Amino acid sequence: MNRNKLIIGIVGFVILLIATYSIIKSQNKDVIKHDYMFAGVSENWKAEYKIDGKEVFYNVNGTLEYDSESQSEFKLTYKGELSELSPVKRLEFKYEAPLNEGWKGLQFDEPPKKKVFIHRSNDLVSEDAIIDVRVQWDDNTEEFTLKNKEQP
């Protein structure tokens, strides 16, 4: 019976040490949250770029470590009627931010069935970034920029 109490006591003590270590370790982290919406328009297109993520900086034995996780979605929308896109055979769009870029090319054998085009990635972009967008559909091209909706 005493042996069982000793084992239970040791297991409890180990669990307490692990919990204490985890609490102390979590308090030594700097977390930067990214939750931004960038937007912009051109004559025929509008775009939104949503960033949702975080960066975590922490110290391990005197060395600064870094982790990040993020989800981003670039949404390009044709401003006109869907029927106006009927003759389009090829659509390409590219967006460039400092340190990140995305690109998507679409080929249409029949008229497009939608006027919203989405590209998803795991990119992080700073809240003050200016994002350059280029849209090319057949022989037409437009360029415009996206800015953070919360920035002046």
Side-chain angles (χ1 to χ4, degrees), residues 11 14-152:
V11 169
V14 169
I15 290 172
L16 180 63
L17 283 176
I18 292 171
T20 302
Y21 176 75
S22 295
I23 290 170
I24 290 171
K25 185 177 175 187
S26 69
Q27 292 175 348
N28 291 329
K29 292 183 178 182
D30 289 324
V31 178
I32 301 171
K33 295 195 182 264
H34 299 275
D35 185 15
Y36 316 125
M37 174 69 78
F38 297 86
V41 296
S42 67
E43 182 180 341
N44 292 291
W45 299 92
K46 64 180 180 178
E48 293 183 333
Y49 189 35
K50 171 82 172 123
I51 308 291
D52 185 18
K54 67 180 178 179
E55 295 175 285
V56 181
F57 298 88
Y58 54 96
N59 197 326
V60 176
N61 298 328
T63 302
L64 184 63
E65 298 286 333
Y66 167 83
D67 288 324
S68 69
E69 59 183 59
S70 64
Q71 297 176 343
S72 60
E73 179 181 274
F74 179 87
K75 181 167 70 168
L76 180 69
T77 304
Y78 184 68
K79 291 167 49 178
E81 297 297 320
L82 179 60
S83 61
E84 296 171 16
L85 288 178
S86 292
V88 173
K89 298 296 180 196
R90 177 126 182 99
L91 169 70
E92 291 182 10
F93 60 88
K94 180 179 184 178
Y95 55 95
E96 293 183 69
L99 306 176
N100 294 316
E101 68 179 39
W103 176 87
K104 190 168 190 175
L106 301 166
Q107 191 74 33
F108 301 105
D109 295 329
E110 54 187 53
K113 295 183 176 13
K114 60 183 180 178
K115 59 182 199 169
V116 176
F117 307 94
I118 295 175
H119 182 261
R120 291 183 177 92
S121 68
N122 296 328
D123 294 335
L124 278 176
V125 176
S126 67
E127 67 182 312
D128 60 348
I130 303 295
I131 300 164
D132 296 316
V133 177
R134 179 184 169 103
V135 183
Q136 185 170 356
W137 66 111
D138 291 338
D139 294 331
N140 303 297
T141 302
E142 287 183 10
E143 296 180 355
F144 56 104
T145 59
L146 307 183
K147 295 182 180 179
N148 189 328
K149 287 177 116 176
E150 296 181 13
Q151 298 280 325

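As the structure is a computational prediction, the values presented were derived from the model and not from experiment.
If you take CZ on Phe74 and CD1 on Ile131, they are separated by 8.5 Å, rounding to the nearest 0.5 Å. The line from CG of Asn59 to CG of Asn61 is 8.0 Å long, rounded to the nearest 0.5 Å. For the atom pair CD of Glu127 and NZ of Lys147, the computed distance is 15.0 Å after rounding to the nearest 0.5 Å.
The side-chain contact (heavy atoms from CB on, under 4.5 Å) test applied to Asp138 returns Val88, Lys89, Arg90, not counting sequence neighbours. With sequence neighbours left out, the side-chain contact (heavy atoms from CB on, under 4.5 Å) criterion links Asn100 to Asp123, Val125. In this structure, the side-chain contact (heavy atoms from CB on, under 4.5 Å) partners of Lys75, at least two apart in sequence or on a different chain, are Glu48, Thr77, Val116, Ile118. A search for salt bridge (Lys or Arg N to Asp or Glu O under 4.0 Å) contacts involving Glu81 returns nothing, not counting sequence neighbours. For Tyr95, the side chain to side chain donor-acceptor pair (under 3.5 Å) test picks out His119, with sequence neighbours left out. For Arg134, the side-chain contact (heavy atoms from CB on, under 4.5 Å) partners are Gln136, Thr141, Glu143, not counting sequence neighbours. Here Glu84 pairs with nothing under the salt bridge (Lys or Arg N to Asp or Glu O under 4.0 Å) rule; sequence neighbours left out. Partners of Glu43 under the side chain to side chain donor-acceptor pair (under 3.5 Å) rule, at least two apart in sequence or in another chain, do not exist in this structure. Remark: Phe57 pairs with Tyr66 by the ring pair (Phe, Tyr, Trp, His ring centres under 6.0 Å) rule, at least two apart or across chains.
Annotation for Leu64: atom CG counts as buried by contact number, over 12 foreign heavy atoms lying within 6.0 Å. Summarising the local packing, CD of Gln71 is surrounded by 12 or fewer heavy atoms from other residues, nucleotides or ligands at distances under 6.0 Å. The 12-atom threshold is exceeded at NZ of Lys104, counting heavy atoms of other residues, nucleotides or ligands nearer than 6.0 Å.
Of all heavy-atom pairs spanning Ser86 and Ser83, the tightest one is OG-O, 2.9 Å. Among all heavy-atom pairs drawn from Leu124 and Ser70, the shortest one is CD2-CB, 3.4 Å.
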List, one per line, each side-chain donor-acceptor pair under 3.5 Å for residues 32-42, sequence neighbours excluded.
unit_1 : atom_1 : unit_2 : atom_2 : d
His34  : ND1    : Tyr36  : OH     : 3.1
His34  : NE2    : Glu55  : OE1    : 2.7
Asp35  : OD1    : Lys50  : NZ     : 2.3
Ser42  : OG     : Trp45  : N      : 3.2
Ser42  : OG     : Trp45  : O      : 3.4
Ser42  : OG     : Glu142 : OE1    : 2.4

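Within the structure, no pair that satisfies the salt bridge (charged side-chain N to carboxylate O under 4.0 Å, His left out) test touches residues 61-71, not counting sequence neighbours.
Between Leu91 and Val135, the closest side-chain pair of non-hydrogen atoms falls below 4.5 Å. Using a 4.5 Å heavy-atom cutoff, the side chains of Leu85 and Phe108 are not in contact.
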**Q.** Worked verdict on Trp137 versus Asn44 for side chain to side chain contact (heavy atoms under 4.5 Å, CB included)
**A.** CA-CA 11 Å; Trp137 66 111; Asn44 292 291; 3.9 Å; yes
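Looking only at distances, no side-chain donor or acceptor of Ser72 sits under 3.5 Å from a matching main-chain atom of Ile51.
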